[in-house]
Amino acid sequence: MPGDNPHARPGAAESVETPADESSTKLEKTFDPAHFEERWYSIWEAEGRFQPVGPPGSPRFVMVIPPPNVTGRLHIGHAFGRTLEDILARWKRMLGYRVLWVPGTDHAGIATQMVIERELAKEGIDKLELGRERFVERVWVWKRDAKDTIQSQIRRLGCSLDWTRERFTLDPELSAAVRHAFVRLYEEGLIYRGRYVVNWCPRCGTAVSDLEVVHKDVDGSLYRIRYDVPGVPSGAVVATTRPETMLGDTALAIHPDDPRTAKFQGKTAVLPIIGRELPVIEDPILVDREFGTGIVKVTPAHDANDFASGRRHGLEEVVVIGPDGRMTAEAGEYAGLDRFEARKGIVKRLQSENRLVGIDPHRHSLGHCQRCDTVIEPYLSTQWFVKIRPLADPAIRAVEAGEVRFVPELWTKTYFEWMRNIHDWCISRQLWWGHRIPAFTCANGHLTVAEEDLIACPTCGSIELTQDPDVLDTWFSSQLWPFSVFGWPKETDDYRGFYPTDVLVTGYDILFFWVARMIMAGIHFTGSAPFSTVHLHGLVRLAGEKMSKTRGNVIDPLVAISEFGADALRFTYASSATSGTTVTLDRDRLAGSRNFATKLWNAARFTLGQLEGKPRAESFEGRTLTLPDRWILSRLSRTAGDVNRHLAAFRFDEAAQALYGFLWHELCDGYLEMAKHILSGREGDDGAREVTRGVLHRCLADSLALLHPFMPFLTEEIWEKLTGRPGTLIVSPYPTGDPALEDPRAEAAVETLRALVTRVRNFRGERRVSPTEPVHLWIEPDPGDAEAAEDLRVLEPMLRHLARLSDLTFGPPAALGERDVVAGVPVGLALPAAASEADRARMAKTLAQLEKEADELSAKLRNPGFLDRAPADVVEKTRRRLQEVEERRAALGSAARQ
RNA sequence: GGGGGGUUAGCUCAGCGGUAGAGCGCCUGCUUUACACGCAGGAAGUCGCAGGUUCGAGACCUGCACCCCCCACCA
């Protein structure tokens, strides 16, 4: 978007210098990315290109990286997102912005802890024996390696991150930010501690938030169990999918208005096996009259609904399943048994007591741990929570007001849906790796939440203090990332200079986990949304592979880079980045991008060879440009405009396609072939050749600049040979298009030329003769269009050359050939050999198609509705189309009749 | 139970009111002095189904079918 360019100047790359040392203009014959990729990265970094430069007031563009987990290495999904970000960063940098892109990593509590636990298990070390301190030390060692690996992967990708500002969520400054945020929310009453039923993972041994529970439909059983009710001989039949929890039942519930169960009102039931007396309570919220028997067993300690009902009715909360998933002492004879074993035992016992009325197959949704897939247990425990509504409402308003915008837009609705139905957030985790909760309890039971570690209890002065052993949910620190990286809550220069950021690029899978929470935290703590645009990209999957979870998409970006080159991987990512929700990556695409890189390389070799040691036009001012020159410069300018427009809309795929099409099909297939003709000396003079070389230079320079954000290494490598200014492409102006170069007349003329050439080639193909077989072409430009006719005259030598014509005649086609109309120009084509029966048949077929189309078009033009209501230009276009079809019919018809 | 997305050439996907596009694959020719990771030409689509709106519909509306994703405290 040209208007967006702070130092826009047309003719971006025009003023580059001729290299001083001619020997340096040679490119290696074979293209090997490994030769130069790492070298350029070092040069850019050493020259400080990744750091924001320019006066503080000048336009800036800031992003923070979504910090990868330090669990191991980067996968193809991360590399995808980082590539898109780097394209934006390099594009904006070349447009003259002060670009800052902040790198860093996330400690990733549960995920990282699990990795280390697995390692320890392999070594036969017991975590508990090792102890918290030594365990955490061990994770830090792991973290250093993982961070290095991740950093080197990101570097290999070419990402222009400012490594001098690298952050880690457990850095002292960022930990201080976490404590500050926690204390502030606590003091504001937005963090509270309480005993509630939470999602508990027995394997991880920690509470998790609602978002960390993955619901899956499973085929289970619905057990119908009869409880004795004194006074009601039939007893009460309840249905449950989890019979083991019945040991924790403390009531039965019925709906007050359900006549079926009215007889239980005020009664007391007896819990089988245990013998506990269960009051029958009436709870219209808990009991759905439509479902099952209308009687619900109430287990306040093991079901969130039952818990709420229990609190409403003051029921006892009996925990029968412990944090390890085994039955507690409250479970009597089942104590110590695994929850699923206990279920089997209980069912058996009920059966033997004739209390099991039935077992029905029942498909229902079951929560699983996001990390380890263990069945989540609702578990009553004391945890810390964020009261979310007061944070969510302003975050909703910010998006409504357009302060934050989602691209693609469809995510806006998803965001609203979630935010409007959001629940309080359980933030405490019973883990060792993470930010310790800054809450301290003294010997006298006084709880204090404080930013600094306490020496004595502020309430009673006791010096016997224990800090809460729990850590915070990783996302609690991640939500602060866009400002904690800049030193918040301190008013640092970076915080003042670079916050809020501009764009956040991430996968839609963490919209709720991370993006929404950052918006809430940003607004609450800093008063502004942390970014103005969120680009949510699709999730990467490999071709042929289903979306399945633990398939572990094992394609390491580094493997792809070593095989195809970083530029090819990046270009593949860009061209695959459609607006859909999945991005498919496959080897054929990678190979295609590699081929494209090679194409550019070879086009550059050719161009550099032509320029070497020969004069070229430094400027086109006052020089006579040929139609092909004007055409390619016009196309170049339009391409630049298109690319900028597509990037501004986050349409990386369209931008990549525009560049691909221009470079390959117009510059290489079109202009280079025409330039060869001029440069060979067969047409034009020395001046024309100078101009051609100037145009070639300009096209290559601008192509390199336009492609640089996508393929930074290769373009910088060629740029050095072209300009003799190594490592400067990254900070060269980005072409935005030059309206002065746009030339519809030249475009039309060359399009006609190319169409004629194609028609001749295709004629040879149809007649099955070699491309060198002499062909005589007649063309009869419309005298009514003087400009077009004149341009065709001018292009005659080019037409002869490209179509390898033996003869070219301007005038009515001779009667012996085949006739057609190409781009509005009547033509005749003839070979020495006469047309065969097969040729006539083919022509007849084409003729039939044309007749059909002519009928349709004329029917349309006879339709009054169309003539009255369709816009004039559409009607006119239809008329012209009909005219052309009729002309072709006439031409072909006359030839076919011969 | 709610919400969202998809269904276009063999494959992967663009297009989103004016009678279909790309890349890859496929077929046929090519040592055309940058490139076989190439050049030239070509074949290939009832745009999921049925209605409707419109002069005109892959494109807008309404149903339907089948796929996918997200959210959800249905014992």
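Convention: sequence-line order gives letters A, B, ...; per-chain numbering from 1. These numbers were taken from a predicted model, which means no experiment stands behind them. Heavy-atom basis, side chains included; hydrogens, waters and symmetry copies ignored.
Nucleotides B/C67 and B/C27, compared at atom P, are 34 Å apart to the nearest Å. Rounded to the nearest Å, the gap between the C1' atom of B/C39 and that of B/G5 is 42 Å. Taking atom C1' in both B/C16 and B/A59, the straight-line distance is 4 Å, to the nearest Å.
In B/G58 the O4'-C1'-N dihedral to the base is within 90° of 0, which defines a syn nucleotide.
The residue A/Val298 sits apart from the nucleic acid: no heavy atom pair falls under 4.0 Å. Counting non-hydrogen atoms under 4.0 angstrom, A/Glu673 reaches a base of the nucleic acid. Note on A/His665: only backbone sugar-phosphate atoms sit closer than 4.0 angstrom, heavy atoms only; bases stay farther off. Residue A/Pro871 is in base contact, counting any heavy-atom pair closer than 4.0 Å across all strands shown. No engagement by A/His801 is indicated, since no non-hydrogen atom pair under 4.0 Å with the nucleic acid exists. The residue A/Leu222 sits apart from the nucleic acid: no heavy atom pair falls under 4.0 Å.
Counting heavy atoms from C-beta on, the side chains of A/Asp258 and A/Phe264 never come closer than 4.5 Å. By the 4.5 Å heavy-atom criterion applied to side chains, A/Val296 and A/Asp283 are not counted as neighbours. For the pair A/Arg517 and A/Leu211, the minimum side-chain heavy-atom distance is below 4.5 Å. Using a 4.5 Å cut-off on side-chain heavy atoms (C-beta onward), A/Glu377 and A/Arg242 make contact. At a threshold of 4.5 Å between non-hydrogen side-chain atoms, the residues A/Phe650 and A/His537 do not count as touching. Using a 4.5 Å cut-off on side-chain heavy atoms (C-beta onward), A/Asn602 and A/Phe31 make no contact.
Distances from the side chain of A/Phe866 to the nucleotides B/G15, B/G18, B/A75 place B/G18 closest. For A/Leu211, whose side chain is taken as the heavy atoms from C-beta onward, the closest listed nucleotide among B/A14, B/C71, B/C37 is B/C71. Considering only side-chain atoms of A/Asn595, the nucleotide from B/C13, B/G18, B/C37 that sits closest is B/C37. With distances taken from any side-chain atom of A/Lys413 to the nucleotides B/C73, B/A40, B/G4, the minimum falls on B/G4. Picking from B/A14, B/C73, B/C70 the nucleotide with the shortest atom distance to the side chain of A/His215 gives B/C73. Closest to the side chain of A/Ala870, out of B/A14, B/G18, B/G38, is B/G18. For A/Thr758, the listed nucleotide lying nearest its side chain is B/G41; candidates were B/C35, B/G18, B/G41. The side chain of A/Tyr660 lies closest to B/C24, out of B/A75, B/U19, B/C24. Distance from the side chain of A/Trp664 is smallest to B/C39 among B/A14, B/C71, B/C39.
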Its contact letters, B for base, S for sugar-phosphate only and - for none at protein heavy atoms under 4.0 Å, make nucleotides 27-32 of chain B read -S---B
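Rounded to an integer number of Å, the gap from CG of A/Leu590 to P of B/G23 is 17 Å. Rounded to a whole Å, the CZ atom of A/Arg587 is 18 Å from the P atom of B/U12. Rounded to a whole Å, the NZ atom of A/Lys216 is 12 Å from the P atom of B/C69. Following rounding to the nearest Å, A/Tyr573 (OH) and B/C13 (C1') show an atom-to-atom distance of 18 Å.
Taking the six-membered ring for Trp and the full ring otherwise, A/Trp200 and A/Tyr379 have centroids separated by under 6.0 Å. Taking the six-membered ring for Trp and the full ring otherwise, the centers of A/Tyr660 and A/Trp664 sit less than 6.0 Å from each other.
Proximity of A/Lys676 to the phosphate of B/A34: a side-chain N or O atom is located under 4.0 Å from OP1 or OP2. Contact between the side-chain N/O atoms of A/Thr584 and the OP1/OP2 oxygens of B/C13 is found at a separation under 4.0 Å. A/Trp411 has no side-chain polar atom (N or O) that falls below the 4.0 Å cut-off from OP1 or OP2 of B/C69.
For A/Asp588 against B/C24, a side-chain-to-base donor-acceptor contact under 3.5 Å is absent. Side chain A/Arg594 to base B/C37: a donor-acceptor pair is found below 3.5 Å.
A side-chain N or O of A/Arg589 and one of A/Ser576 form a donor-acceptor pair less than 3.5 Å apart. Looking at A/Thr414 and A/Glu417, their side chains never bring a donor and an acceptor atom within 3.5 Å of each other.
For the salt bridge (charged side-chain N to carboxylate O under 4.0 Å, His left out) with A/Arg881, the qualifying choice from A/Glu876, A/Glu886, A/Glu853 is A/Glu853, the only one to do so.
In RNA chain B, stems built from 3 or more consecutive Watson-Crick or G-U wobble pairs, each with both distances under 3.5 Å, span B:1-7 with B:65-71, B:10-13 with B:21-24, B:26-30 with B:38-42, B:48-52 with B:60-64.
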Checklist entry - Would A/Arg759 and A/Glu818 satisfy salt bridge (Lys or Arg N to Asp or Glu O under 4.0 Å), going step by step from the backbone distance to the final call? => result CA-CA 11 Å; A/Arg759 185 64 184 87; A/Glu818 198 168 300; 3.5 Å; yes
